[in-house]
Amino acid sequence: MHEASIAQSIMDMALRQLEDSGYTKIDSVSIKVGQASGILTDSLMFAFEAMKHGSPLAGAALLVEEVPVGGTCGACGKGFTTGEKFIFNCPRCGSPDIEVRQGRELDFVEMEVS
């Protein structure tokens, strides 16, 4: 379950930012996860919940925004987004000449502190 190591990395980044800011408590951490990133959101949230106890993140919520797969087709020139995790052809024209531009990310967006 690589989500546990991802949860630990998110916590480490949040704690470093907390130390640098001078605050003492993290209320929430917001991230973006692409649907084609291979990350299981439920497993990530479970790992975060299990690992945060006894730390300044103990009361923090992990807020996850899922980013759909999207890109541009080289054949028809149209942009697309889809709820599919993996895409091999343009959903409009069926061409395999596509460039995926979103949906694979894992971004640390922001955190709320007090």
Side-chain angles (χ1 to χ4, degrees):
M1 180 165 110
H2 73 286
E3 284 80 1
S5 63
I6 294 169
Q8 184 64 58
S9 294
I10 291 168
M11 291 176 60
D12 291 345
M13 286 190 300
L15 291 171
R16 274 194 303 275
Q17 291 296 317
L18 185 68
E19 286 177 16
D20 293 346
S21 71
Y23 289 94
T24 58
K25 182 181 169 214
I26 298 172
D27 298 318
S28 67
V29 175
S30 299
I31 62 171
K32 288 184 180 181
V33 177
Q35 289 181 331
S37 66
I39 298 169
L40 301 174
T41 303
D42 290 342
S43 296
L44 177 61
M45 294 180 79
F46 178 82
F48 183 85
E49 288 296 317
M51 298 168 77
K52 71 181 186 177
H53 297 288
S55 77
L57 285 149
L62 180 61
L63 308 174
V64 179
E65 178 185 343
E66 289 192 0
V67 179
V69 176
T72 306
C73 176
C76 70
K78 303 284 185 185
F80 63 86
T81 57
T82 180
E84 299 293 322
K85 290 185 178 196
F86 303 102
I87 183 165
F88 302 102
N89 296 347
C90 174
R92 296 180 192 266
C93 73
S95 171
D97 183 18
I98 59 171
E99 180 182 355
V100 175
R101 296 185 179 197
Q102 69 179 41
R104 297 182 188 141
E105 55 272 277
L106 171 59
D107 296 330
F108 189 101
V109 178
E110 67 181 3
M111 65 182 201
E112 291 185 17
V113 295
S114 57

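Basis for what follows: all heavy atoms, side chains included, without hydrogens, waters or symmetry-related copies.
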(message) Using side-chain heavy atoms (C-beta onward) and a distance below 4.5 Å, is K25 in contact with V113?
(response) no

(message) Does E84 have more than 12 heavy atoms from other residues, nucleotides or ligands lying within 6.0 Å of its CD?
(response) no

(message) Do P56 and L15 have side chains that approach each other closer than 4.5 Å (heavy atoms only, starting at C-beta)?
(response) yes

(request) To the nearest 0.5 Å, tell me how far M11 CE sits from K52 NZ. (result) 9.0 Å

(request) For E105 and S37, work out which heavy atoms get closest and say how close. (result) O-CB, 3.9 Å

(request) Decide yes or no for L106 and I39: does some side-chain heavy atom of the first lie under 4.5 Å from some side-chain heavy atom of the second? (result) yes

(message) With rounding to the nearest 0.5 angstrom, report the OH to CD distance, Y23 to Q17.
(response) 12.5 Å

(request) Let me see the working for F48 and L57 under side chain to side chain contact (heavy atoms under 4.5 Å, CB included), right down to the final yes or no. (result) CA-CA 9 Å; F48 183 85; L57 285 149; 4.0 Å; yes

(message) Counting C-beta onward and ignoring hydrogens, is there a side-chain heavy-atom pair between N89 and I98 closer than 4.5 Å?
(response) no

(message) Minimum heavy-atom separation for C93 and A75, please, with both atom names.
(response) SG-CB, 4.2 Å

(request) Work out which heavy atom in L62 is nearest to a heavy atom in M45; give both atom names and the distance. (result) O-CE, 3.5 Å

(message) Nearest 0.5 Å, please: how far is NE2 in H2 from CG in L44?
(response) 8.5 Å

(message) Is it the case that the side chain of Q102 and the backbone of P68 share a donor-acceptor pair, with hydrogens and angles ignored and the cut-off at 3.5 Å?
(response) yes

(request) Identify the two heavy atoms, one from V100 and one from R104, that lie closest to each other, and give their separation to 0.1 Å. (result) CB-NH2, 3.5 Å

(request) Would you indicate whether the side-chain heavy atoms of K85 and V69 approach each other to under 4.5 Å? (result) no

(request) Quick one: closest heavy-atom pair of F108 and I31, and the distance? (result) CA-CG2, 4.2 Å

(message) Using a 3.5 Å distance criterion without hydrogens, assess whether the side chain of K78 forms a donor-acceptor pair with backbone atoms of C73.
(response) no

(message) Taking the side chain as everything from C-beta on, heavy atoms only, tell me whether I87 gets closer than 4.5 Å to F80.
(response) yes

(request) Start with the C-alpha distance between T41 and E66, add both sets of side-chain angles, then the distance that settles side chain to side chain donor-acceptor pair (under 3.5 Å), and finish with yes or no. (result) CA-CA 8 Å; T41 303; E66 289 192 0; 2.9 Å; yes

(message) Is it the case that the side chain of E3 and the backbone of L40 share a donor-acceptor pair, with hydrogens and angles ignored and the cut-off at 3.5 Å?
(response) yes

(request) Look up atom CD1 in I26 and atom CG in L18, then write down how far apart they are to the nearest 0.5 Å. (result) 4.5 Å

(message) I'd like to check V29 versus L63 (side-chain heavy atoms, cut-off strictly below 4.5 Å). Are they in contact?
(response) no

(request) Assess whether side chain to side chain contact (heavy atoms under 4.5 Å, CB included) is satisfied between I10 and D12, documenting all intermediate values. (result) CA-CA 5 Å; I10 291 168; D12 291 345; over 6 Å; no

